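Because the structure is a prediction, the values reported are computed rather than measured. Quick note: numbers below take in every heavy atom, side chains included, and nothing from hydrogens, waters or symmetry partners. Naming convention: chains lettered A, B, ... in sequence-line order (proteins, then strands); numbering from 1 in each chain.
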There are 2 protein chains.
Amino acid sequence: MAARHDLTRNQTLVLDRLTRADAPVSAYGLLDQLREEGLRAPLQVYRALDKLVELGLAHRLESLNAFVACAHAHEHRADEGHATGTTAFAICETCGRVDEFHDHAVEEGLAAWAGAAGFTPRLTTIELRGRCKECQAKAA
Amino acid sequence: MAARHDLTRNQTLVLDRLTRADAPVSAYGLLDQLREEGLRAPLQVYRALDKLVELGLAHRLESLNAFVACAHAHEHRADEGHATGTTAFAICETCGRVDEFHDHAVEEGLAAWAGAAGFTPRLTTIELRGRCKECQAKAA
DNA sequence: AACGAAATGTTATTTCATTACTCTATCGGA
DNA sequence: TCCGATAGAGTAATGAAATAACATTTCGTT
Ligand SMILES: [Zn+2]
Ligand SMILES: [Zn+2]
Ligand SMILES: [Zn+2]
Ligand SMILES: [Zn+2]
């Protein structure tokens, strides 16, 4: 697997921003933040993001059209990566925080349905939008 | 609940198109198809879609930025609608067909995780993109 | 040096979604 | 009947997300 150290300049810039962010960031948001670093066009960001997602170092949140750094990047193994397991996300709509998790029961359930239906999944999206524990407490 | 018969003209036009379609359609795709019916602006379509989604008669597929008619609309009950249960989608990337399903094990799994994490879901997105049984067979 | 692969850079365009403002119809209570 | 609230509708303009097309650079290998 491509380790952090052999990412290209643009990929590193993007991943750094994502890692520092405490909420998902859109491609254009990243671009804005990286203008001072010399990035000018959306494609520069999108290409870096594509690579990072491919490597499992970042994830795209479909329901937000935004990206987050992988919370478990340190766990990645060269030969497996994130592609294998299904990753789910809990997105707090109040504070923006994203919790990345894997749930065996959920994976099993979907696999069972797919098997029965003859459907072969290539990519699975699971995203919960709601309110996190902390925000729930504050709101009470 | 608003039944089919008290939808407005625009809502009816949009729902009809979605129902006839054999694959998801984007808002602009719907707009193109409905120009001959007098629709001119994106907003007319988006407003109709918002309402249809709210009523559970249509669903938005986040990973495609497109919409489908609800496959189970006839099951809807006035007081509950689709909001309650979690709906999952299997999207064939080859033929475009979408299979809408509910899986209790998956719902339970997510509910269990949410309970443990203290997360309160408002809206859950589950979308599998891959290859359906028929396309799988043809490709073999 | 010559080559090819991967990454980069730039411009323009396409696709998706919303904001702001206006107008009209309808319904219920004062 | 008057009033205000709500909902739906129409139009124009703009913002946000993503890609197409094409030219150039970087770098390791032969
Ligand atoms: Zn991850
Ligand atoms: Zn929160
Ligand atoms: Zn449905
Ligand atoms: Zn298919």
Using the benzene-type ring in the case of Trp, are the ring centres of A:F67 and A:H59 under 6.0 Å apart? no

Angle of first-five versus last-five pair axes in the helix from C:dA1-D:dT30 to C:dA30-D:dT1, to 10 degrees: 20°

Positional range of nucleotides in DNA chain C within the contact set of chain B, heavy-atom, under 4.0 Å: C:dC16 to C:dA20

For the CG atom of A:N10 and the CG atom of A:L39, what is their distance to the nearest 0.5 Å? 5.0 Å

By the rule that ILVMFWY residues connect when side-chain heavy atoms come within less than 4.5 angstrom, directly or transitively, which residues belong alongside A:L123? none

Lys/Arg N to Asp/Glu carboxylate O, B:E54 vs B:R47, below 4.0 Å: no

Can you give one letter per nucleotide of nucleotides 5-18 of chain D, going 5' to 3': B for a protein heavy atom under 4.0 Å from the base, S for sugar-phosphate only, - for none? ---SBBB-----BB

Sequence neighbours excluded, every pair satisfying salt bridge (charged side-chain N to carboxylate O under 4.0 Å, His left out) that has a member inside residues 56-69 of chain B: A:R129-B:E62, B:R60-B:E62

In plain terms, say whether A:R131 and A:E93 are close enough for a salt bridge, that is, a side-chain N and a carboxylate O under 4.0 Å apart. no

Quick one: which residue pairs count as a ring pair (Phe, Tyr, Trp, His ring centres under 6.0 Å) with a foot in residues 107-140 of chain A, not counting sequence neighbours? A:W113-B:F101

For A:E100 and A:A71, indicate whether the former's side chain and the latter's backbone hold a donor-acceptor pair under 3.5 Å. yes

Mark yes or no for whether A:E127, through its side chain, and B:T125, through its backbone, hold a donor-acceptor pair below 3.5 Å. no

Backbone of B:T86 reached by a side-chain donor or acceptor of B:H102 within 3.5 Å: yes

